[in-house]
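Chain A is the first sequence line, chain B the second, and so forth, proteins listed ahead of strands; every chain is numbered from 1.
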Number of protein chains: 6
Amino acid sequence: MKIAVYPGSFDPVTLGHVDIATRAAALCDRLIVGVYEAPPKNLLFSTQERVELMRQAVSHLPNVEVTAYSELTMDFIRRMGSRAYVRGLRMNSDFEREFEMALMNKVFASDIELLCLMCSQEYQFLSSSLLKEAAALGADVSRLVPDAVAQALKKKFAARRRA
Amino acid sequence: MKIAVYPGSFDPVTLGHVDIATRAAALCDRLIVGVYEAPPKNLLFSTQERVELMRQAVSHLPNVEVTAYSELTMDFIRRMGSRAYVRGLRMNSDFEREFEMALMNKVFASDIELLCLMCSQEYQFLSSSLLKEAAALGADVSRLVPDAVAQALKKKFAARRRA
Amino acid sequence: MKIAVYPGSFDPVTLGHVDIATRAAALCDRLIVGVYEAPPKNLLFSTQERVELMRQAVSHLPNVEVTAYSELTMDFIRRMGSRAYVRGLRMNSDFEREFEMALMNKVFASDIELLCLMCSQEYQFLSSSLLKEAAALGADVSRLVPDAVAQALKKKFAARRRA
Amino acid sequence: MKIAVYPGSFDPVTLGHVDIATRAAALCDRLIVGVYEAPPKNLLFSTQERVELMRQAVSHLPNVEVTAYSELTMDFIRRMGSRAYVRGLRMNSDFEREFEMALMNKVFASDIELLCLMCSQEYQFLSSSLLKEAAALGADVSRLVPDAVAQALKKKFAARRRA
Amino acid sequence: MKIAVYPGSFDPVTLGHVDIATRAAALCDRLIVGVYEAPPKNLLFSTQERVELMRQAVSHLPNVEVTAYSELTMDFIRRMGSRAYVRGLRMNSDFEREFEMALMNKVFASDIELLCLMCSQEYQFLSSSLLKEAAALGADVSRLVPDAVAQALKKKFAARRRA
Amino acid sequence: MKIAVYPGSFDPVTLGHVDIATRAAALCDRLIVGVYEAPPKNLLFSTQERVELMRQAVSHLPNVEVTAYSELTMDFIRRMGSRAYVRGLRMNSDFEREFEMALMNKVFASDIELLCLMCSQEYQFLSSSLLKEAAALGADVSRLVPDAVAQALKKKFAARRRA
């Protein structure tokens, strides 16, 4: 594989995402992490913040770039000159939805391949949404996210409490 | 079976729904497609639009009628003079919720029977919600919905982009 | 529906099976319960015993017949002059295997329809295999099976203990 | 176990919750039902109403207290002087999310134990959210909730219809 | 809880089982580990070996005893003077079967309570059957089982290879 | 990826396997299909037959080799000079077992990466075991397997019927 894409909303990036990006980067010449601008759910961080936090989180991986996108994921992958995208496989309730989406994507783009990588056991149950719920209530999530994200979460929720 | 009811929100109707309606219509004298007015989720199309698109989609089936309803589904089925309703069985994450609802319905209406039909393999992974997400981003969904729906989706999202 | 088929191994018939047969019988003119001779699992009862116990269990349903079969289930359904078969929908671990089989059956017989009926909540978790395990250890399963089956199980396991 | 905590949003309490509270109360000296003030979902009843309805529902259990809380559940358990919390195990689609949350909780509070109890078969498929949907449409849910809750639901939805 | 029972086939005991036994022992005065003599599957170790390996594995827990049993699990629990049994909750494919069995047990023994405990994340995916498959092929499973079990597995498979 | 391994029992190879092998071959320089000699289940075809049928099935793919192996899969991958193996992702009941095995493999070989590829929708529900059950009863499986396999199945079951 020359170029692979790792798409997601990354709101915010967790150590599980970093784990998958690291594995994917080892399998291709160039990995493009695509931060999706407008997923159909409430976001905590702006697109710019999500891109910036991801950039810091993967700065040690020389062949990884981070960019935002707002079109259909399959169109983004093609625009990047790639034919394959990567998703982390977790043992969780989102799996079937993910699967459904992947099969629908095949209808729109039968030439694009999905590669699922398995993240480490310690991140199998880590999801951005649960993480945000816990952090909002003051939980110490520093073992689950990059340092910059832990600080960004603290700042974000401190601002909320002041408001 | 004399009369059977096929209830749903149909927002919008897909070829998967048409598949189920066709199978159900072959098993009873008269099939009533019930378009539920106020499901607990955001709708893209108005009740009138959903009824109209469904009517066009099943116009080739002589023993099928389409009507909107706003009461408890079990009460609607009884009002239609029926004792049985039909649902499409898909291999997806909504299945357990559907099951839960069916068992609760049994508490309210133990005399009403649920018949699950299996839709074709090609529509197993087709859901209205994923379809709308894809169409909103400009995906060509014409292989997954009736023609009138494909056009209605295009118009709807073009209007949104102009807004 | 004129004729419907309810296939299974019924080793032995439980009150859950009787529940489904009763519901199915109300939806068609004639219901044929097909006892499969050689399922790929160990059987406790012979084909003749399984047919006989089923016959007694549904003897109160005037439009139900019981017969054994050994060919492909889809071929049996066609031989009976039917185009539809019935399965009980339980919330259990066998569901996905059942689904897989139903979709493979579609490849062999796209003209034959599967109807899934939902058995009563009290039988949702009842399976012949667990029942046999419990009965083998002397559990009183009389609330879960027809009387004749409770007696047959007792006799069978008493004979084993003597052996 | 000296003290155990049974946390939830209880919006509103159902007979399934009462079943679990009764079982849990039999296993410890003192059970504290914690009504979570601000779960990430829309609530029908205020915190005060939810606490009051729960209090009435468990008033026959001498060793059970009810109190509201708004911090991280793990922190609430510690504040109550407990090291164990109880959850009802239902065969439903929320199970995996619950599991995910429990494993994340272990990261924040490895010293706190989760005990899952199995509620009675008749409440296996009972959820507060489906109950509210049905009650909003006028379904008679009196077999599924304590009397006071049935009345509170009627009043709540009557007020809505007048509005 | 005065007395609780932890039943299983333990063929052989893994660190996941030890984890659950440790948690359960902290919740009751006396924990009885019941080694089931004749589960409906092929066993690698004899009853005596399984009891002995379990005894060594929990020898550091003063309030835990190990004994074999061959009757219905519910009857064994009653014979031990207990009213509660413990099972480890793992995120795996056996869960639904376990659930089914627990609900059937309720039919035979409605007075006996099931408590599910959650084992540590690192043992979530550990099963005796997969472990045996791997060990049979020479995998080093020493991180997943007590030392005595690792040695017993080595001896067992060395003997088989010589045979 | 230079070298990837696609391990399995392939008893017999189906068009679903060929689909995955084709996708995997496009992602690496050299793909080694490993036919596992002794999986813990009953086999219909001998190792030699399974290797031969697979060889014919992938003969049009220039960078694919087929070989049998009998050691631990992770050891086989290393012996082949590879660090990655490929599995087909199907929406079926085997998924969780597969996941469990993959996480256990990580304990033995943390340096080896699993890549899951998604097979075409039409093969999502195709499994070798169901296929064999159907073929044994005379079903025409020619749309689901390579021609040579269809013939081998016919011969195999004809011989059995004569026996």
Any sub-3.5 Å donor-acceptor pair from Asp11(A)'s side-chain atoms to Arg50(A)'s backbone N or O?
no
Top of Leu130(A), Asp140(A), Leu131(A), Val141(A) for chain D proximity - count of heavy-atom pairs under 4.5 angstrom
Leu130(A)
Toward chain A, the part of Met104(D) with a non-hydrogen atom under 4.5 Å
side chain
Is any side-chain N of the basic residue among Asp75(D) and Arg79(D) closer than 4.0 Å to the acidic one's carboxylate O?
no
Using only atom types and a distance under 3.5 Å, with no angle test, would you say the side chain of Lys2(A) pairs donor to acceptor with the backbone of Gly81(A)?
no
Part of Thr73(D) within contact of chain A (heavy atom distance under 4.5 Å)
neither
Ring center gap for Tyr69(A) and Tyr36(A) short of 6.0 angstrom
yes
